[in-house]
Amino acid sequence: MSLDNIVLFNLLFAGGLGLLLWSMPVRQTWARVAAVVLFVFVSLKYASWRVGSLPDLHFSFGSLWPWGFFLFELITLVYELWIFIVMTRLSDHSHEADSYEARLRTCSSLPTVDVFIATYNEELALLRHTILAAQNLDYPRHLVRVLVNDDGGRPELKSLTDELLGEGHYFARPDFVDAKGEKVLDGDGKPAKEGGAGKGGNDRHAFKNSGGDYILLLDADFRLKPEFLYRTLGFLLWRADIGLVQTPQRFYNGDIIGHNLLAVDCVPEDQHCFMAITEPCRDAWGNAFCTGTACLVPRRLLRLLDPEWGFPNHTICEDIELSYALLGAGYRTLYLNELLAYGLAPGSIRGFLTQRVRWCSGTIQNLFAPTGPIRGHLRVLDRIFYCEGIFYWLGFVFTALFVFAPVIFWFSGVPAVLGTPEAVCEVLFPRLIAREMIMYWLSEGTIPPVIVNVSRTLPAFHVTGAIARSLFCRLPLPALVRPRPAGFEVTGKPPTAAARLVGPKMPDPERLVPPVPLIRDRVAVHRPLFWAFASIAGATIVGMLLTVTGRSVLSPVSDLTHLNVAWSAFSVLICLLCSFACVERPYLNDGRNREVTRSRPLR
């Protein structure tokens, strides 16, 4: 088939697929299965072609580079195939929640609930509203105890807590001492806290100093809707297989990347697709997991895990560790896809990167934890679902290689992918078209095709470093070359406009979204990343021009040039967008920096 005919076929394929998806009901299982079968077919055809196009394996850069690139591409391909299969099913527990709520409201005896608010260095203005929202829960007041667990040990927060809740609701963890009465230092040389490191240690200390029947975990920046307990508690009371109820994380400030790229009006927050689509799909397979805030767990089950401290604390991602510890004990996490709490998304590129690095490191740490998929008592399906997370983070290594591959080709002549233009158009383009269009359809419009590549590329090099640190710390290396273990670091959240947020009364519960946070009043640039991506884009353009104009002796014009020109154009576009995203625009308190949801509204 000629190149012109192949291009025409791809155009017709894209148009036909678009019409087909537009006509199919996205919430029907048969429609989702049909779309996924099509994607699996074109992906397997592409994988077969890629294996056949690889050079002979021998010890040279011209052989090792294409094979190494293919290895990480294969990991990404396996992840994509798996996640598409997972997305064939969706769960919806709202009708069940309606039934339980009606039943709870007629109960004469209700259990007690402790609300754990974990904090370290957040502003008092923000914490005031978090505390007031927790205090405003639609539940008998005498059965709810709000605990402010402060790892920062701030006297001013104790005063605020005593003012709003009375004495006995503020806890600051003491330093951990050994048998000799001496303070123990953590890996950073700071005094270790009782209960362990990070937020997990905070929760453990609060567990030891409380006694409610159920525990509601809450981050310092999250504000509950009044109906939270009545919507979630019934699942734990009347379903024996449920060990934890998780609700979505949604945010009342816009996505930092969308904001910096002047696209906040059309780009949902980066985690919206995971919360609105991926978690319900995982839940349909019995493998949703805790995300650390706006979730409810019974104290009796935590005692099964650890009679004294309750929560496991072997990793810096205590949330996913808790879900898999409960799963190993026979209790799964249920995901109730209803908006029952709002919080703050990272307000800077540094905060965005910190959060992703911590999630990646914690996921890999939990792989080796006693309750993890290797050592824990889990079903085969549970272990596979956990490996999905590992493959997800390894996919960032492929993303880093992807944007750098054109530079290697132009300056060395060694391609990452070998193939004629006809072969590439015949097998690669149908896969790319199917992937982007079907994922956009399955996610109900929450994954914009270009912007999603920016949010994956921006942290790619940091995540790659986190993977290397997490894995090499497991090896018996000499102390001089052993990387320092990844530790817990609090995600930077935006400071708020205190004059607008602080007040004696809680805002109208039906209008949960507060005034937009004022993060900064001037432009800030994340210089290392800005120059890194700008340099990659510049090197790609220079190398491409040298080859196209016939001035390069390392990469003369050949059949591979056409593919790498198109590849370079896309890589340059993504790198430039990443550079622009590193230029952090001011946040103005004008009501326009809100998150935009392009999918169906959650209940």
Side-chain angles (χ1 to χ4, degrees), residues 91-117 129-147 164-165 169 206 210-219 221-250 252 275-276 279-280 283 288 290-302 319 322-323 326 331-343 505-514 601-603:
S91 68
D92 185 356
H93 299 288
S94 289
H95 293 299
E96 195 175 358
D98 291 340
S99 173
Y100 290 147
E101 179 180 3
R103 188 173 172 183
L104 278 168
R105 290 187 181 277
T106 61
C107 285
S108 57
S109 177
L110 293 171
T112 57
V113 178
D114 290 332
V115 181
F116 288 2
I117 300 176
H129 276 261
T130 301
I131 295 170
L132 288 173
Q135 198 177 28
N136 197 54
L137 284 169
D138 179 18
Y139 198 76
R141 182 67 61 87
H142 67 283
L143 297 178
V144 177
R145 186 187 182 202
V146 180
L147 304 178
L164 298 178
L165 302 173
H169 294 265
S210 59
D213 299 322
Y214 292 83
I215 295 172
L216 197 167
L217 299 177
L218 201 62
D219 283 351
D221 57 296
F222 267 77
R223 300 173 59 198
L224 298 168
K225 281 190 173 183
E227 64 270 25
F228 185 95
L229 287 177
Y230 277 120
R231 299 298 296 173
T232 57
L233 186 57
F235 294 98
L236 298 172
L237 285 173
W238 294 304
R239 282 192 55 174
D241 62 320
I242 304 301
L244 185 147
V245 177
Q246 178 65 57
T247 63
Q249 292 185 20
R250 290 293 301 280
Y252 45 64
M275 295 295 173
E279 275 276 59
D283 180 74
C290 173
T291 57
T293 185
C295 58
L296 191 66
V297 60
R299 181 178 293 271
R300 62 178 177 82
L301 296 186
L302 294 176
D319 41 18
L322 174 59
S323 278
L326 289 171
Y331 302 93
R332 78 175 186 90
T333 296
L334 180 137
Y335 188 75
L336 179 60
N337 197 12
E338 297 183 4
L339 293 181
L340 297 173
Y342 275 79
K505 296 183 179 180
M506 177 69 186
D508 181 357
E510 295 303 319
R511 300 180 62 191
L512 186 62
V513 180
L602 298 178
R603 180 168 177 162

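Throughout, numbering of the chain's residues begins at 1 and tracks the sequence. Model, not experiment: these values are computed from the prediction.
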By salt bridge (Lys or Arg N to Asp or Glu O under 4.0 Å) - contacts of R105 (at least two apart): E101, D138
Contact summary for [X] and [Y], nearest pair of heavy atoms:
{"X": "L336", "Y": "A97", "result": "CD1-CB, 4.1 Å"}
{"X": "A134", "Y": "L224", "result": "CA-CD1, 4.3 Å"}
{"X": "R103", "Y": "T106", "result": "O-OG1, 2.8 Å"}
{"X": "G243", "Y": "V297", "result": "O-CG2, 3.4 Å"}

I need the [X] [atom1] to [Y] [atom2] distance, nearest 0.5 Å.
{"X": "C290", "Y": "L326", "atom1": "SG", "atom2": "CG", "answer": "8.5 Å"}
{"X": "I131", "Y": "N136", "atom1": "CD1", "atom2": "CG", "answer": "13.5 Å"}
{"X": "D319", "Y": "C295", "atom1": "CG", "atom2": "SG", "answer": "8.0 Å"}
{"X": "N337", "Y": "E279", "atom1": "CG", "atom2": "CD", "answer": "9.0 Å"}
{"X": "T247", "Y": "L339", "atom1": "OG1", "atom2": "CG", "answer": "8.5 Å"}
{"X": "L301", "Y": "I242", "atom1": "CG", "atom2": "CD1", "answer": "10.5 Å"}

Is there a donor-acceptor contact under 3.5 Å from the side chain of H169 to the main chain of V146? yes
Sub-3.5 Å donor-acceptor pair from the side chain of D92 to the main-chain atoms of S94, do we have one? yes
May I ask you to test the [X]-[Y] pair for a side-chain heavy-atom distance under 4.5 Å?
{"X": "L229", "Y": "L110", "result": "no"}
{"X": "P226", "Y": "Y139", "result": "no"}
{"X": "R299", "Y": "D114", "result": "yes"}
{"X": "M275", "Y": "Y335", "result": "yes"}

Which pairs count as salt bridge (charged side-chain N to carboxylate O under 4.0 Å, His left out) when at least one residue sits in residues 232-248, sequence neighbours excluded? E96-R239, R239-D241, D241-R332
Once side-chain hydrogen bond (donor to acceptor under 3.5 Å, both in side chains) is applied, do any residues pair with S91, and if so which ones, sequence neighbours excluded? D283
Residues in side-chain hydrogen bond (donor to acceptor under 3.5 Å, both in side chains) contact with T291, at least two apart in sequence or another chain: Q246, Q249
Check the pair L137, K225 against side-chain contact (heavy atoms from CB on, under 4.5 Å), reporting the backbone distance first and the verdict last. CA-CA 7 Å; L137 284 169; K225 281 190 173 183; over 6 Å; no
Taking only residues two or more places apart in sequence or in another chain, which ones pass side-chain contact (heavy atoms from CB on, under 4.5 Å) with [X]?
{"X": "A206", "result": "F116, N149"}
{"X": "T130", "result": "I117, L218, R223"}
{"X": "R300", "result": "P298"}
{"X": "T112", "result": "L143, D213"}

List for me each residue that meets ring-ring contact (aromatic ring centres under 6.0 Å, His included) alongside Y100, sequence neighbours excluded, and say none if there are none. F235, W238
Does the side-chain contact (heavy atoms from CB on, under 4.5 Å) test come out yes or no for T232 and L334, once each step is laid out? CA-CA 10 Å; T232 57; L334 180 137; over 6 Å; no
